[in-house]
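Computed from a predicted structure; not experimentally measured. Both counts, for ligands and for their atoms, begin at 1 and track the order of listing.
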Amino acid sequence: MVAHVAISLDGATTGFTPAVGRFYALAGTWREDVTLAGADTILAQEQALRAAPRPGPAAGGPLLAVVDGRSRVREWDALRDVGHWSGVLALRTSDSSDRGDGVAQLVAGTGRVDLAAALAALAREHAARTVRVDSGGSLIGALLDAGLLDEVSLLVHPLLAGTRGDRVWHGHAEAARVLEPVAAETLEDGLVWLRYRVPPA
Ligand SMILES: NC(=O)c1ccc[n+]([C@@H]2O[C@H](COP(=O)([O-])OP(=O)(O)OC[C@H]3O[C@@H](n4cnc5c(N)ncnc54)[C@H](OP(=O)(O)O)[C@@H]3O)[C@@H](O)[C@H]2O)c1
């Protein structure tokens, strides 16, 4: 499982305009089976999603799985049809409220989505071998602390987000650790792409 994230020099994932084209071109590196997104990442896009073209599901594309224990995501139809994913799946808990949205669900845990159990079920039931995490930090931090992340990929932008950056890529991860460098590449416009392996805890 790899987390690929666009950051500022001060580690923020928000508060600046990322190089979106470059970000997604690099995201293609892993050809993931499943894109794992946090609900807040999806909620931040919902307004744009409503207005986006809907070519329909991408045959052969990854499955989009959204950690949505509080049933906050609404735009499932738009997500399914926006042309990036082959399908969508809500990761929920045994006490998630049922919004009657008809989206396919995977239930793991009570109170909060049990990330380890959800990933095991994704591997078992959806043949997920490679998972790419799309998160502003909270989900990445939780995956780091749970020892579920294998790689971190940072597209570093040459700017400081300052107080406009209200999220950092590692979220609230508590465990200190040393990551193993895999690659470092200087790209156009001062962008730097850094990849690190996360050793087992
Ligand atoms: N720069 C980038 O590359 C990039 C990428 C994606 C998003 N973003 C930006 O980042 C912002 C959103 O980021 P975010 O950090 O607020 O949210 P996030 O990481 O995208 O998602 C938070 C989700 O993770 C779940 N979660 C967090 N800790 C958990 C735990 N311990 N166990 C189970 N589930 C857990 C939360 O569950 P609950 O619902 O239960 O709390 C919530 O559903 C948006 O503004 C978006 O635009 C930037």
Indicate yes or no: at least one non-hydrogen side-chain atom of V133 is less than 4.5 angstrom from one of I140.
yes
Residue portion contacting ligand 1 (non-hydrogen atoms closer than 4.0 Å) for D145:
neither
Should R177 and P199 count as side-chain neighbours, where that means a heavy-atom distance under 4.5 Å?
no
Closest to atom 13 (O) of ligand 1 (heavy atoms only, candidates S8, G136, A146, G109) is G136
Which atoms from ligand 1 have a heavy atom of V113 less than 4.0 Å away?
32 (N), 33 (C)
What's the shortest distance from atom 36 (C) of ligand 1 to any protein heavy atom, and which residue and atom give it?
R112 NH2, 4.0 Å
In ligand 1, which numbered atoms sit nearer than 4.0 Å to a non-hydrogen atom of S138?
14 (P), 15 (O), 16 (O), 17 (O), 19 (O), 22 (C), 27 (C), 28 (N)
May I ask you to test the L160-S8 pair for a side-chain heavy-atom distance under 4.5 Å?
no
D68 N/O under 3.5 Å from ligand 1 N/O
no
What protein heavy atom sits nearest atom 21 (O) of ligand 1, and how far away is it?
G38 CA, 3.2 Å
Answer yes or no: is there a side-chain heavy-atom contact under 4.5 Å between V82 and H84?
yes
In this structure, atom 4 (C) of ligand 1 is nearest to the protein heavy atom S135 O, 3.8 Å
Output yes when the distance from some N or O of ligand 1 to some N or O of A6 is under 3.5 Å, and no in every other case.
yes
Side-chain contact, heavy-atom cut-off 4.5 Å: L79 with W85?
yes
With distance as the sole test, does W76 use its side chain to make a donor-acceptor pair with the main-chain N or O of V73 at under 3.5 Å?
yes
Report yes if the side chains of D134 and H4 come closer than 4.5 Å at any heavy-atom pair, otherwise no.
no
Would you compute the distance between atom CZ of R197 and atom CZ of R195 and round it to the nearest 0.5 angstrom?
12.5 Å
Are any side-chain N or O atoms of D150 and backbone N or O atoms of V2, one a donor and one an acceptor, separated by less than 3.5 Å?
no
In terms of residue, atom name and distance, what is the protein heavy atom nearest to atom 24 (O) of ligand 1?
L139 CB, 3.7 Å
Heavy atom under 4.0 Å from ligand 1: found in A44's side chain, backbone, both, or neither?
side chain
Have a look at T41, T13, V5, D40 and point out the one with the heavy atom closest to atom 22 (C) of ligand 1.
D40
Does ligand 1 come near enough to D134 that some N or O of the ligand is less than 3.5 Å from an N or O of the residue?
no
Considering only protein heavy atoms, which is closest to atom 25 (C) of ligand 1, and at what distance to one decimal place?
V67 CG1, 3.9 Å
I'd like to know if the side chain of H157 and the backbone of I7 have a donor-acceptor N/O pair within less than 3.5 Å.
yes
Could you tell me whether the side chain of V156 reaches within less than 4.5 Å of the side chain of L191, counting heavy atoms only?
no
With atoms numbered from 1 as shown, which atoms in ligand 1 lie under 4.0 angstrom from a non-hydrogen atom of G137?
15 (O), 19 (O)
Measure the distances from the heavy atoms of R72 to every atom of ligand 1 and state whether one is below 4.0 angstrom.
yes
With the side chain counted from C-beta on, respond yes when F23 and P18 share a heavy-atom pair under 4.5 Å apart, and no when they do not.
no
Considering only the protein, which heavy-atom contact is closest to atom 31 (N) of ligand 1, and what is its distance?
A142 CB, 3.4 Å
Tell me: protein heavy atom nearest atom 9 (C) of ligand 1, and distance?
T14 CG2, 3.8 Å
Test your reading of the structure: does F16 have an N or O sitting under 3.5 Å from an N or O of ligand 1?
no
Just to confirm my output: which protein heavy-atom neighbour is closest to atom 16 (O) of ligand 1, and how far is it?
R167 NE, 2.6 Å
